[in-house]
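One-based numbering, in listed order, for ligands and for the atoms of each. Remember, predicted model here, so these are calculated numbers, not experimental data.
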Amino acid sequence: MCGIVGAVALRNITPILIEGLRRLEYRGYDSAGVAVLDDGNGIKRTRAMGKVAELEQALESNTANGHLGIAHTRWATHGKPSERNAHPHLSERLAVVHNGIIENHHSLRTRLQSQGYEFTSDTDTEVVAHLLAHHYSHKPDMLSALRSTLEELRGAYALGVIHQDEPSTLYCARMGSPLVIGEGSEEHFIASDPLALLQVTDQFIYLEEGDHARLTLNSCEIWNSQNRSMTYPVQRYAHAAHSLDKGEYRHFMLKEIYEQPRAVTDTLAGLLGEDRVLTAVLGPDAESRLKDVRNIHIVACGTSYHAGLVARYWLEEQTGLPCQVEVASEYRYRSVSVPEGTLLITLSQSGETADTLAALRYAKKQGYLGTLAICNVAGSSLVREADWRLLTHAGPEIGVASTKAFTTQLVALLWLTTALAQERDRAPDMIAANIRALRGLPKLIEQVLELDGVIENLAYSFANKHHALFLGRGTHYPIAMEGALKLKEISYIHAEAYAAGELKHGPLALVDEDMPVVSVAPSDSLLEKLKSNLQEVRARGGQLINFACERADLDNGDGITHIKLPWVYESISPIVYTIPLQLLSYHVALVKGTDVDKPRNLAKSVTVE
Ligand code: AGP
């Protein structure tokens, strides 16, 4: 998704902007550009299709050195990927970068064209550039021009703006798209993600919705949408900069898969007592709040949605609380019925997913008991806007395919289930067993990671396949869904997941020797049922790949491959069985030669609707 970096500093800022863009590459983009107020030469803009490396090459023949500038990686929404549509966009003596979507761009464009402004791109962003120029021609300064412009914009935006007439001032604004201010010594920066600036600062101010700001070397002035001056704390970014390196790994995705034992340990830090879960992390009145919950709604997108689906099984079985789970893009546009005492849980790695954020804002008007964000990014919009927060400590996740963020979400959700069960005086044995299982989870994940070599060999059998089916039952049905999503996302093989009991209601018709069927087969109460479903597959010549418990005692024979996993306690089993599916999709993608960390057409953080 689009990325923004901007800087005002005493040193030459071009290398800072380029490094910032490189750090945002993981989010997915199709073109990049930079505009620098070049000493004595006005605003110099350079844009390029493709990677940031291409932009760097273009900069060799159009060198720009200066102390004020903005840069952007674009993920096309309005207008196809091309150099002319890449940001920054110019109008008269100013330049703009923009994330988000200006919904009323059409009417604004028509009006600006009738006023004589010429458009050179198909983007909604160019409207902002001309609108700023138009207002600047009638106003005393850029701040007033920016305010008049913001009043006219509908939709979502994070903006970075520079003007030749104010050579030491960087302007920015946010509404519906994330933007942070980075503080240095006699320098200020902006970025859509703090990760972009970790090479220059770890001190950040998080703008609120509707804010705009004026930054110079030594000052940072922020106003809200009513132009009231605002002061926010400067927060230290907790993750170490070195965690953004691939280290010894070939891809971020593989590194992040291997980081899972550590990520789980960090997520659980301070949450588990001897035989009770410690709920203080949810605030001083956590116990009474948890007791008040009568009902649960979970809303999320993609992989995070799958985590919610697993949690529904846990919550209903272990706490007796009714739970419903929904994708945010649907939830936000329908009339929801909210029984008294319902807790709304939003799940997100980034905390900036547009649909999930919109769902939270919608939910806040629906009479929920409260809203809880389970999220991996402490300063994200979702975390700041929810009533309660529970942070997963996976650390920055760079690969577009979510791995450690998913397993840590599951850890947080099982912890929450246990906390709710505890406050309802449910079976102490079950609570103690969950705690023991969570404690032992990092070791188990390490054990399962040792299957990497076996799974790598298995991946070659997918090389010529175009489709795959994933089967599971109970809590492992959403894990099958997650396995299918991972495979299609990074290897571009069409994959579908089914609750195994549904096979004979349709998908069985697809099964033949060209259709690999992957099953998730732990030794649980549904194993015998699953075995019958797998026989249905074998009887139709389907190639079976079973990720199965070593105690499962599944049929052997031609066309059947078993990958054996250690026996695990039922609650944590979906977390453990996720690991081999992540490794499978990773190795299949390697065999297929796709861009593992940045799959085509996808973005890490989907900040537009
Ligand atoms: C997962 O591999 C995907 N990249 C995607 O489905 C992702 O989980 C989804 O976009 C939601 O993102 P979030 O967790 O940051 O809200």
Please confirm whether Glu489 comes within less than 3.5 Å of ligand 1 when only nitrogen or oxygen atoms on both sides are compared.
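Between Glu489 and ligand 1 (N or O atoms, distance only) the closest approach is under 3.5 Å.
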Using a strict 4.0 Å cut-off to heavy atoms of [X], name the atoms of ligand 1 that fall inside it.
| X | answer |
| --- | --- |
| Gln349 | 13 (P), 14 (O), 15 (O), 16 (O) |
| Ser304 | 8 (O), 13 (P), 14 (O) |
| Thr303 | 1 (C), 2 (O), 6 (O), 8 (O) |
| Ser402 | 1 (C), 2 (O) |
| Gly302 | 6 (O) |
| Ala401 | 2 (O) |
| Thr353 | 12 (O), 13 (P), 15 (O), 16 (O) |

[X]/[Y] ion pair, N-O < 4.0 Å:
| X | Y | result |
| --- | --- | --- |
| Arg174 | Glu208 | no |
| Arg361 | Glu385 | yes |
| Arg154 | Glu103 | no |

Before giving the answer on side chain to side chain donor-acceptor pair (under 3.5 Å), spell out for Gln318 and Asn434 the whole-Å C-alpha distance, their side-chain angles and the decisive distance to 0.1 Å.
CA-CA 10 Å; Gln318 300 193 13; Asn434 278 357; 2.8 Å; yes
If you define the side chain from C-beta out and look only at heavy atoms, does anything of [X] sit under 4.5 Å from [Y]?
| X | Y | result |
| --- | --- | --- |
| Pro574 | Trp314 | yes |
| Glu352 | Leu357 | yes |
| His98 | His87 | yes |

Sub-4.0 Å heavy-atom contact, Lys486 with ligand 1:
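Yes, that is the case, since the closest heavy atom of the residue is under 4.0 Å from the ligand.
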Who gets closest to atom 10 (O) of ligand 1 by heavy atom: Val606, Leu485, Ile374, Asp355?
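The option holding the nearest heavy atom is Val606.
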Could you work out, for atom 15 (O) of ligand 1, the closest of Ser350, Ala603, Ala300 by heavy-atom distance?
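The nearest heavy atom belongs to Ser350.
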If you have a sec, work out which protein heavy atom is nearest atom 9 (C) of ligand 1 and how many Å separate them, to one decimal?
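For this ligand atom, the closest protein heavy atom is Cys301 O, 3.7 Å.
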Here's one to test your reading of the geometry: is the NZ or CZ of Arg600 within 45 degrees of the ring axis of Tyr492 and under 6.0 Å from its centre?
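Geometry flag: set, cation within 6.0 Å and 45°.
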Within this structure, what is the OG-CD1 distance for the pair Ser585 and Ile257, rounded to the nearest 0.5 Å?
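With rounding to 0.5 Å, OG (Ser585) is 6.0 Å from CD1 (Ile257).
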Which one holds for Glu352 and ligand 1: side chain close, backbone close, both close, or neither close, with close meaning a heavy atom under 4.0 Å?
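Within the 4.0 Å criterion, Glu352 makes no contact with ligand 1.
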